[in-house]
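Take a look at the structure set out below.
What you see is a predicted model; the values in this text were computed from it and never measured. All residue numbers in this chain count up from 1 along the given sequence.
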Amino acid sequence: TLTLLLLFFTSCENDLEKVNQVTARNTDPVEQGKNIEILYSDSAKIRVKVNAPELKRFVVPKPVVEMPAGVKVEFYDDSLHITSTLTSKYAIRKDNEQIMEAKNDVVVVNTKGEKLNTEHLIWDEKTRKIYSQEFVKITTPDEIIMGEGFESNEDFTKYKIFDIKGIITIHKDEHAPNP
């Protein structure tokens with residue numbers, strides 16, 4: 001019986017690689033596509049259009065949509081006029097939180113021509129706000145404002161800059177030719 005018991009214990013050895021294959025989670029995208037357009041609507045009105053050259057949807061470990069080649073987001077008013085645009089070289093939407101993070105050369109422009117530059121921006125779809133806790137630069141026709149942190153409505157028409165680092169007033173040269 002001792003021989004039989006030893007054979008039993010030696011035959012129960014598990015190959016660690018096979019165990020890992022069985023228990024490992026699949027981290028491959030469940031969907032992916034090229035040149036994707038996504039429309040968000042509210043009360044049958046288009047509010048946001050997202051264009052991405054590449055999109056990957058993951059469900060593990062948490063549901064996210066990754067746009068590794070960049071994104072262009074257009075925000076619309078009730079009359080379907082573009083109120084602001086957001087572009088970046090990378091974006092990820094966290095489905096459970098209903099937020100999108102834009103990273104790397106993030107630019108937001110509103111209808112007044114005011115421009116925000118930062119390296120990291122969050123769009124909260126529930127509150128319809130955009131914000132950043134990193135360095136931001138806002139360029140208006142009259143000044144350039146720099147600071148650490150920022151918050152705005154998604155139209156980028158009402159904004160606050162936190163911890164302002166500097167304001168540069170732009171003086172127009174009345175003798176300079178108009179571009």
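Of the possible donor and acceptor atoms, one in the side chain of Thr140 sits under 3.5 Å from a partner among the backbone N and O of Asp142. Without hydrogens or angle criteria, Asp77 side chain to Ser79 main chain gives a donor-acceptor distance under 3.5 Å. Side-chain atoms of Asn153 come within 3.5 Å of backbone N or O of Lys158 as a donor-acceptor pair.
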Take Tyr159 and Glu151 through the test side chain to side chain contact (heavy atoms under 4.5 Å, CB included) and record every step on the way to the result. CA-CA 6 Å; Tyr159 53 83; Glu151 181 182 287; over 6 Å; no
What verdict does the side chain to side chain contact (heavy atoms under 4.5 Å, CB included) test give for Thr87 and Val109, after you've listed the backbone C-alpha separation in whole Å, the side-chain angles of each residue and the deciding distance to 0.1 Å? CA-CA 9 Å; Thr87 58; Val109 179; over 6 Å; no
Hey, mind stepping through Lys165 and Glu148 against side chain to side chain contact (heavy atoms under 4.5 Å, CB included) and telling me if it holds? CA-CA 7 Å; Lys165 300 290 184 194; Glu148 294 289 328; 3.4 Å; yes
Let me see the working for Asn104 and Ser88 under side chain to side chain contact (heavy atoms under 4.5 Å, CB included), right down to the final yes or no. CA-CA 6 Å; Asn104 304 332; Ser88 69; over 6 Å; no
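Val106 places none of its side-chain heavy atoms less than 4.5 Å from the side chain of Asn117. For the pair Thr118 and Tyr131, the minimum side-chain heavy-atom distance is 4.5 Å or more. Contact check for Ile138 versus Phe150: side-chain heavy atoms found under the 4.5 Å cut-off. Looking only at side-chain heavy atoms (C-beta outward), Phe135 and Glu119 stay at 4.5 Å or farther from each other. Between Ile161 and Val136, the closest side-chain pair of non-hydrogen atoms falls below 4.5 Å. Between Ile145 and Ile168 the shortest side-chain heavy-atom distance does not fall below 4.5 Å. Side-chain contact check for Leu86 versus Met100: some heavy-atom pair is nearer than 4.5 Å. Inter-residue side-chain proximity for Ile36 and Asn51 is flagged as unmet; no heavy-atom pair is nearer than 4.5 Å.
One distance of note links OG1 of Thr157 with CG of Asn110; it measures 7.0 Å at 0.5 Å rounding. Rounding to the nearest 0.5 Å places CG of Leu121 at 6.0 Å from OG of Ser132. Note that the CD1 atom of Ile99 and the CD1 atom of Ile92 stand 9.5 Å from one another [nearest 0.5 Å]. Distance check, rounded to the nearest 0.5 Å: CD1 of Ile82 to CG of Asp155 gives 12.0 Å.
Closest heavy-atom contact between Lys112 and Pro141: O-CG, 4.4 Å. Summarising the geometry of Tyr40 relative to Val50, their closest heavy-atom pair is CE1-CG2, 3.7 Å, with the distance given to 0.1 Å. Closest approach of Thr139 to Lys137, counting heavy atoms only: OG1-CE, 3.9 Å.
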Name every donor-acceptor pair, under 3.5 Å, that has one atom in a side chain of residues 56-74 and the other anywhere in the protein, sequence neighbours excluded.
from, atom 1, to, atom 2, distance (Å)
Arg57, NE, Glu31, OE1, 2.6
Glu66, OE2, Tyr90, OH, 2.9
Glu74, OE1, Tyr76, OH, 2.7

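Partner of Glu154 under the side chain to side chain donor-acceptor pair (under 3.5 Å) criterion, out of Arg128, Lys129, Arg47: Arg128 alone.
Look at Glu125 and Arg93 and you find a salt bridge, because one of the NZ, NE, NH1 or NH2 atoms lies within 4.0 Å of a carboxylate O, short of that distance. No salt bridge links Lys94 with Asp124; every basic N to acidic carboxylate O contact stays at or beyond 4.0 Å.
Ring geometry for Trp123 against Phe75 counts as perpendicular: the plane angle is over 60°, on a 0 to 90° scale with 30° as the lower cut.
Enclosure of atom CD in Gln133 is not indicated, since only 12 or fewer non-hydrogen atoms of other residues, nucleotides or ligands lie within 6.0 angstrom.
Under the 4.5 Å side-chain heavy-atom criterion for ILVMFWY residues, a single connected hydrophobic cluster contains both Ile164 and Val108. Val48 and Leu80 fall into different hydrophobic clusters, defined by Ile, Leu, Val, Met, Phe, Trp and Tyr side-chain heavy atoms under 4.5 Å apart, directly or through other members.
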